[in-house]
Amino acid sequence: RVGSVAEWCAPVLLVGLAAGCGGEKVEGPTTIPVKGKIEFTKGGKVESLVNRGIVVEFQSIEKPDVKSFGEILEDGSFTMTTQVNEKGKPGVIAGSHRVRLNADESVGRFVSPRFFEYATSGITVKIPPEGELVIKVWK
């Protein structure tokens with residue numbers, strides 16, 4: 001399968017979103033600060049996902065046009081930023097979200113490709129989370 005434009009642009013977009021988090025205030029929906037962690041439950045290591053252009057992506061179930069992105073760091077942690085008119089607003093809107101790893105097929109040797117699509121990842125989260133937000137994946 002060939003990745004969509006969104007999949008190829010996400011790492012570039014993430015850089016732009018992160019840049020938008022600095023000074024200017026971004027208007028848009030109310031967001032809640034969200035930090036989490038990727039954890040492998042069997043096979044694989046989170047370190048293998050670092051520096052490969054992989055981001056955690058949330059899509060609001062109630063408002064599917066609202067997406068949030070978080071870069072995976074060396075310890076598996078991530079901090080989410082919501083895309084608002086090509087800018088980034090720290091945090092995620094409240095409610096339920098489908099979760100996927102935004103990555104191309106070449107990363108399938110490090111983590112199961114089922115996690116690359118919302119429909120097959122089987123992961124949903126509720127924001128604000130009750131306790132620590134951990135996204136469990138495997139190879």
Positive for side chain to side chain contact (heavy atoms under 4.5 Å, CB included) with Leu101, one of Ile123, Val107, Val55, Ile38: Ile38
Do Val125 and Phe40 sit in the same hydrophobic cluster, where Ile, Leu, Val, Met, Phe, Trp and Tyr count as joined when their side-chain heavy atoms come under 4.5 Å apart? yes
Can you give me the closest heavy-atom contact between Glu74 and Val46, atom names plus distance? O-CG1, 3.8 Å
Rounded at 0.5 Å granularity, tell me how far OG in Ser77 sits from CD in Glu71. 9.5 Å
Taking Arg100 for the side chain and Glu57 for the main chain, is one N or O donor matched with an acceptor at less than 3.5 Å? no
Going by the rule side chain to side chain contact (heavy atoms under 4.5 Å, CB included), which residues pair with Pro129 if we only count those two or more places apart in sequence or in a different chain? Ile127, Leu133
Partners meeting side-chain hydrogen bond (donor to acceptor under 3.5 Å, both in side chains) with Ser106 (sequence neighbours left out): Asp104
CD of Gln59 to NZ of Lys67, rounded to nearest 0.5 Å, is 5.0 Å
Partners passing side-chain hydrogen bond (donor to acceptor under 3.5 Å, both in side chains) against Ser112 (at least two apart in sequence or in another chain): none
Linking I/L/V/M/F/W/Y whenever their side-chain heavy atoms sit closer than 4.5 Å, directly or via other members, would Phe110 and Val99 fall into one cluster? yes
Minimum heavy-atom separation for Gly91 and Ser68, please, with both atom names. O-OG, 4.0 Å
Which heavy atom of Gly108 sits nearest to which heavy atom of Pro113, and what is that distance? CA-CG, 4.0 Å
Got a sec, which pairs hit side chain to side chain donor-acceptor pair (under 3.5 Å) with one end in residues 119-139, sequence neighbours left out? none
Only pairs under 3.5 Å count here: list side-chain donor-acceptor contacts from residues 27-37, not counting sequence neighbours, and write none if there are none.
unit_1	atom_1	unit_2	atom_2	d
Thr31	OG1	Pro90	O	2.6
Lys37	NZ	Asp75	O	3.4

With a 4.5 Å limit on heavy-atom distance, are the side chains of Arg52 and Ile54 in contact? yes
Using every non-hydrogen atom in the two residues, find where Val56 and Met80 come nearest and quote the distance to one decimal. O-CE, 3.8 Å
May I ask you to test the Phe69-Thr81 pair for a side-chain heavy-atom distance under 4.5 Å? no
Please assess Val92 against His97 for the test side chain to side chain contact (heavy atoms under 4.5 Å, CB included), listing each intermediate value before the final yes or no. CA-CA 9 Å; Val92 178; His97 298 263; 3.4 Å; yes
Phe116 to Ala103 - nearest heavy-atom pair and separation: CE2-CB, 3.9 Å
Should the ring pair Phe58 and Phe78 be called parallel, tilted or perpendicular, given that the plane angle runs from 0 to 90° and is split at 30 and 60? perpendicular
Quick one: name the residues clustered hydrophobically with Val50, using the 4.5 Å side-chain heavy-atom rule over I, L, V, M, F, W, Y, and just say none if it's on its own. none
